[in-house]
Amino acid sequence: MLGVEPLITEDQIQKRIQELALTLNHKLSGVKKPLFVAVLKGAYPFFSDLIRSVNMDIECDFLALSSYKGKTVSSGEVRFLLDLTSPVKGRDIVLVEDIVDTGLTMNFLVAALRSKQPKSITTVSLLYKPKALKVPCEVDCIGFEIGNDFVVGYGLDYQENYRELPYIGVVRSMC
Ligand code: IMP
Ligand code: MG
């Protein structure tokens with residue numbers, strides 16, 4: 001049987017989002033209508049709270065990727081299941097991820113966005129696992145650095161379970 005051991009409380013998440021929003025307000029001051037992009041499905045609750053905390057006019061768009069996990073982990077090659085519908089060329093993009101683990105997905109996404117010639121890309125990830133990185137991956141705004149444990153909740157899943165939890169926890173075997 002599996003259980004979830006709390007790691008980051010709902011309160012801690014919400015407080016940190018307010019801080020990230022202030023950082024983004026500052027970083028993007030003077031930018032006209034940045035395009036905030038959520039990486040589905042995991043980043044959706046974080047994205048939803050973050051866009052309601054920043055103090056600026058924005059546009060939103062969404063993308064989804066096929067997971068390479070358990071398949072070609074070494075290449076990190078992924079496919080778009082859902083691509084952006086908004087134009088990217090010449091725009092300021094804020095890419096919002098749930099977690100950076102090996103760094104392969106974030107690097108893939110940044111390269112894919114760069115090829116569309118945006119004016120700037122600001123990367124944001126709620127969680128960052130520095131010890132799990134397989135490739136260098138710098139993220140502009142990080143919510144929390146965590147260890148190598150597999151985490152769930154607040155959008156993150158284990159086999160599509162636990163996304164609805166308002167906190168983040170570590171999946172543990174209870175037997
Ligand atoms: P990366 O390409 O290894 O950095 O992983 C990116 C994706 O793997 C994330 O966007 C998540 O969807 C998933 N992932 C990585 N680590 C975890 C975890 O601890 N819990 C749930 N999903 C994870
Ligand atoms: Mg993700």
Side-chain angles (χ1 to χ4, degrees), residues 1-10 12-13 16-17 20 24 35-51 60-86 88 93-116 118 121-174:
M1 211 183 91
L2 294 176
V4 180
E5 187 186 305
L7 179 68
I8 306 172
T9 65
E10 182 175 5
Q12 287 173 314
I13 294 169
R16 187 70 186 119
I17 288 174
L20 291 174
L24 288 171
L35 179 66
F36 276 60
V37 174
V39 186
L40 299 176
K41 303 175 188 173
Y44 148 69
F46 173 47
F47 184 81
S48 163
D49 285 339
L50 187 66
I51 61 166
C60 297
D61 208 341
F62 303 88
L63 59 81
L65 299 172
S66 64
S67 172
Y68 63 83
K69 301 270 169 185
K71 295 172 199 161
T72 55
V73 178
S74 57
S75 75
E77 268 177 36
V78 283
R79 233 172 7 96
F80 280 95
L81 296 176
L82 175 74
D83 205 348
L84 300 177
T85 54
S86 317
V88 165
I93 311 295
V94 181
L95 180 62
V96 181
E97 255 285 30
D98 50 359
I99 186 165
V100 172
D101 180 29
T102 62
L104 293 168
T105 302
M106 182 62 102
N107 284 358
F108 170 86
L109 282 171
V110 168
L113 281 174
R114 273 214 187 105
S115 72
K116 297 184 178 186
I121 303 175
T122 302
T123 51
V124 183
S125 183
L126 178 64
L127 302 173
Y128 187 75
K129 290 181 176 174
K131 292 194 187 99
L133 289 179
K134 287 195 171 160
V135 286
C137 179
E138 280 178 26
V139 178
D140 297 310
C141 302
I142 293 170
F144 302 91
E145 286 196 4
I146 60 170
N148 260 347
D149 284 323
F150 192 85
V151 290
V152 295
Y154 197 62
L156 291 141
D157 74 307
Y158 172 64
Q159 296 179 351
E160 292 301 326
N161 297 300
Y162 307 118
R163 290 193 197 276
E164 72 282 9
L165 298 178
Y167 61 90
I168 289 164
V170 179
V171 181
R172 298 265 188 235
S173 169
M174 300 310 238

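In listed order, ligands and their atoms are each counted from 1. Start at 1 with the first residue, then count along the sequence.
Less than 4.0 angstrom separates some heavy atom of T105 from each of these atoms of ligand 1: 1 (P), 2 (O), 5 (O), 6 (C). Close approach of ligand 1 to G103 is summarised as follows: ligand atoms under 4.0 Å from at least one heavy atom of the residue are 1 (P), 4 (O). Ligand 1 places these atoms under 4.0 Å from at least one heavy atom of D157: 21 (C).
Side chain of N107 to main chain of P136: a donor-acceptor pair is present (N/O by atom type, distance under 3.5 Å, no hydrogens or angles). Using modelled atom types, no side-chain atom of K41 and backbone atom of A64 make a donor-acceptor pair closer than 3.5 Å. Side-chain N or O atoms of R16 include one that pairs as donor or acceptor with a backbone N or O of G143 at under 3.5 Å. Under a 3.5 Å cut-off, the side chain of D61 and the backbone N or O of S86 do form a donor-acceptor pair.
At least one heavy atom of E97 sits closer than 4.0 Å to an atom of ligand 1. Ligand 1 does not have V152 within reach: every non-hydrogen atom of the residue lies 4.0 Å or more from it. The shortest heavy-atom distance from K134 to ligand 1 is not under 4.0 Å.
The shortest non-hydrogen separation linking I121 to V110 is CD1-O, 3.9 Å.
Our summary of the site lists the angle at the Mg ion (ligand 2) between OD1 of D98 and OE1 of E97 as 70°, to the nearest 10 degrees.
Other residues, nucleotides and ligands contribute more than 12 heavy atoms inside 6.0 Å of the CZ atom of F150.
Counting heavy atoms only, T102 comes closest to atom 3 (O) of ligand 1 of the residues L40, L65, V171, T102. Of the options D101, V100, L133, the smallest heavy-atom separation from atom 15 (C) of ligand 1 is shown by D101.
D83 has a carboxylate O that lies under 4.0 Å from a charged side-chain N of K116, or vice versa, which qualifies the two as a salt bridge.
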